[in-house]
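First the proteins, then the strands, lettered A, B, ... as listed; each starts at 1.
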Amino acid sequence: MKSNKKKTISDSNLLLLITVVIFFVMYAGAVLFLKGGFLRPQAFLNILNTNAALIILACGMSLVMITGGIDISLGGQMALISMCCAVYLDYMGGNIAVSILIALAIGLAFGAVIGFLVAYLDIQPFIVSLAGMFFARGMTTIVHTAPFNVANEKFTALKATRIIVPGLGTVNRKGIYVDAYIEIGVIVALIVVVLMFILLKWTKLGRAFYAVGGNKQSALMLGINVKRTKFLAHLICGLLAGIGGYVLFLNRGSGAVTNGNGMEMDAIASSIIGGTLLTGGVGNIIGTLFGVLSLCTIQNIVSSAGLGEAWWTGITIAAMLCLFLVIQSIVMARRKKG
Amino acid sequence: MNDKSKKTSAAAVLTKLTRNQIFIPLAALLLLVIINLIAGPSFFKISYSANNAGNMIFSGYPITILDFGSELAILAIGMTLVTAASGGQDISVGAAIAIAGSVMLRVLCGNAGSRPETMQAPIIVAFLAGCVVAMLFGAFNGVLVAFFRIQPMVATLILYTAGRSIAAWINNNELPIINEPEFGYFGGIIPGIPIPTPFLIAVACMIVTALVLKFTTLGLYTQSVGINEKSARLNGLNPTFIKFLSFVILGLCVGVAGLIKVSRLSTINYSVIAKDIEMDAILAVALGGNALGGGKFNMVASILGAYVIQFLTQTLYRFKVSSDALPAYKAIVVIILVVASAPTVREKISSLWKNRKAHAKEVG
């Protein structure tokens, strides 16, 4: 009886459960011990506001990781996209719609090239996306070197647009009611999460992604076009990178070479924390969402706990990553035995 | 008849040459040399003259390449072993160099603040401390990869994320400066010896590596673990230990490279030191024609690959490419390289070649 009960929690659900529990424990701990701003709903919404792009990127990264690949060029793409859009909007007087198209085109181009090399030429995804990262970072400086803020009026109006969340506002010290708000990027990110969840959970293509990542040979025998599936995964990841790039650009409002620095590593870390296995075949978009939230909550806790020195963020994230990797490895070992 | 056999033997030599692993870096080197010769042979001029401090030294672009390629060559040694044994790469070497360098400066500064008048410990002690710490971090990576079976790139992602933070933490985020000229010898020149010290250190590392590979079974064991872990175990090897060992050896290489790096500047900048060097080191291994999926390796080709990359960097600088834009060009080279060496592409080309030959025979 007992063993039956144990089996009902599958490995991927177990990993997801651990992540969700850790997130809530961490947030509750932050509320209890640090008081500060963590109790205000706006504090939580701010995490979403600043990290909407990371959520979108992490969704793409999870998808690629589910098919057994990895894409470390995402951070570089962020820089390239925001720089290209900024230059287009500011120096060429372009309009918003075309700048969004530029962002999507860059993302899709990267996704297509990386996907082709990985899927059809069978080259290691790490090396290919490494070259992609080099290329994106180099191209960014070729496009424009000095960082600058975009002054395009329509863009700044769009950037300042805030959507008020009813019922979550708080009264501040002066007794004035302040509305809680989110930025446009958060809406986009949430739509992406929902769409990706539906894609992975309830569509044929979604199941094909899991099958390819889980076992290439059996996927092939099931009649799945493995190469095309892998290519599509990278293509969708590229599309998401385009969307995420624009959301990041909207949040930062500037073109800078340093935009999206280290973001690929954050996306990988979030996916891993969210229970996506590096070996492929296991992963969950909801987990990824919680992975991003956990990561960002840690960063907030570290900075508000008085550990102002920048190095603590890196060390805590690394420690958390290490913990989750070891848990994953133990889960995998158990699975092989069982 | 005689003529024909001559032709075939020439063709055989050619195919043998192109099949040889060292052909790829050599061809790349030759290409770079030709490009530079066309652009102007003054690139290859080496002069023997006195430097600012009055020491006689060799100078010129080739010497610069040998000088600044040293860290990369040293790292390539360790990276080749890691790649061969574990089938993955270590992306934390840059961060580990920052840690090793930070430890060395910390030991040299002792309790005398971050700007000591004199060094508080002998350089050898600081160097050994740095090496031990670097090897410990290598061991940490090794444990994750060998015992917990985490993919090397992801396992080393941990140190990649934390490394520079740890390096800053070791020195309380201060930037120690060592003023004594002796410390600068390792990254510059020793008075009286006209060759840059980093190159001498790199040569010493190469000799040690060559001796180790010749007189121990390390190379054989590493390759057999990389080719087939299961059969290696069945033959009485311990794959876990060998993978672990390769990461510790890479840690030692990181320690040596770290000494050169901090000695060049006599100080450290945590976020910039050895930035992206892990990518170059991996590239050196790939350029050497070593399979990134593990297995057989060719150390000479890797080291040559490292110097070819430095040559490429220097060539790009020569054509007035700014250091920020450098990665874009390197990326193109990497893509060409990996596409050319991809098995599927090779098969296609060779089958095309065969078809053409068969076709020519039929016509003949």
Side-chain angles (χ1 to χ4, degrees), chain A residues 65 70 72-73 76 80 113-114 116-117 120-128 130-143 145 257 261-262 264-266 268-269 272 278-279 309-330 332-333 336, chain B residues 87-89 91-92 95 140 143-144 147-155 157-170 172-173 270-271 276 278-279 282-283 286 291-293 321-339 341-345 348:
Chain A
M65 277 164 68
I70 201 163
I72 58 166
S73 71
L80 183 59
V113 172
I114 292 175
F116 175 76
L117 292 177
Y120 291 99
L121 296 188
D122 222 8
I123 304 171
Q124 281 198 354
F126 187 89
I127 295 299
V128 176
L130 180 72
M133 181 183 87
F134 272 162
F135 186 74
R137 291 250 176 243
M139 275 312 280
T140 311
T141 59
I142 292 174
V143 171
T145 314
V257 180
N261 239 352
E264 65 277 353
M265 297 305 172
D266 281 349
I268 295 171
I272 293 169
L278 291 156
T279 38
E309 294 94 340
W311 64 71
W312 280 109
T313 323
I315 293 176
T316 41
I317 291 176
M320 196 163 158
L321 196 63
C322 182
L323 176 76
F324 276 89
L325 280 172
V326 170
I327 291 176
Q328 274 195 8
S329 134
I330 291 168
M332 286 307 285
K336 262 181 199 159
Chain B
Q89 287 76 35
I91 59 167
S92 69
F140 170 74
V143 166
L144 287 178
F147 292 96
F148 288 103
R149 302 185 171 280
I150 300 170
Q151 285 180 6
M153 272 161 203
V154 180
L157 178 66
I158 297 172
L159 193 56
Y160 176 91
T161 320
R164 291 178 190 280
S165 301
I166 294 173
W169 173 64
I170 289 170
N172 272 326
N173 215 7
Y270 306 108
S271 55
D276 289 340
E278 55 272 4
M279 309 302 176
I282 296 171
L283 190 53
L292 290 174
V321 172
S322 80
S323 64
D324 294 327
L326 209 62
Y329 297 92
K330 269 189 195 164
I332 296 168
V333 176
V334 178
I335 288 291
I336 293 172
L337 212 76
V338 289
V339 168
S341 62
T344 43
V345 178
K348 266 205 184 120

query = Mind checking whether L130(A) and L283(B) have side chains closer than 4.5 Å, heavy atoms only?
reply =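 Heavy-atom side-chain distance check fails, nothing below 4.5 Å.
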Which atoms of [X] come close to chain A, meaning under 4.5 Å heavy atom to heavy atom: side chain ones, backbone ones, both, or neither?
X	answer
F147(B)	neither
L159(B)	neither
I158(B)	both

Roughly how far apart are [X] [atom1] and [Y] [atom2], rounded to 0.5 Å?
X	Y	atom1	atom2	result
R137(A)	D276(B)	CZ	CG	9.0 Å
F134(A)	L326(B)	CZ	CG	9.0 Å
M279(B)	I127(A)	CE	CD1	9.0 Å

ask   = Which bit of L121(A) comes within less than 4.5 Å of chain B, counting heavy atoms only: side chain, backbone, both or neither?
value =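 Contact with chain B is through both the backbone and side chain of L121(A).
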ask   = Is it the backbone or the side chain of T145(A) that comes under 4.5 Å from a heavy atom of chain B, or both, or neither?
value =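 T145(A) touches chain B through side-chain heavy atoms alone.
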key: Exceeds 12 heavy-atom contacts within 6.0 angstrom, atom CZ of F126(A)   =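 Above 12, so yes.
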Return the minimal non-hydrogen interatomic distance between [X] and [Y], and the atom names on each side.
X	Y	result
A131(A)	A331(B)	O-CB, 3.1 Å
Q124(A)	G87(B)	NE2-O, 4.5 Å
A328(B)	F135(A)	O-CD1, 3.7 Å

query = Based on non-hydrogen pairs under 4.5 Å, which of I123(A), L117(A), I70(A) is most in contact with chain B?
reply =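 With the most close heavy-atom pairs to chain B, the winner is I123(A).
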request  = Sort out for me which of Q151(B), M153(B), K348(B) touches chain A most, counting heavy-atom pairs under 4.5 Å.
outcome  =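 Option with the greatest count: M153(B).
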Can you give me every donor-acceptor pair (side chain of residues 320-327 of chain A, partner residue at least two apart or in another chain, under 3.5 Å) with its distance?
none

request  = Kindly write out the residues that satisfy side chain to side chain donor-acceptor pair (under 3.5 Å) with Y160(B), not counting sequence neighbours, or none if the list is empty.
outcome  =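 Here no residue qualifies.
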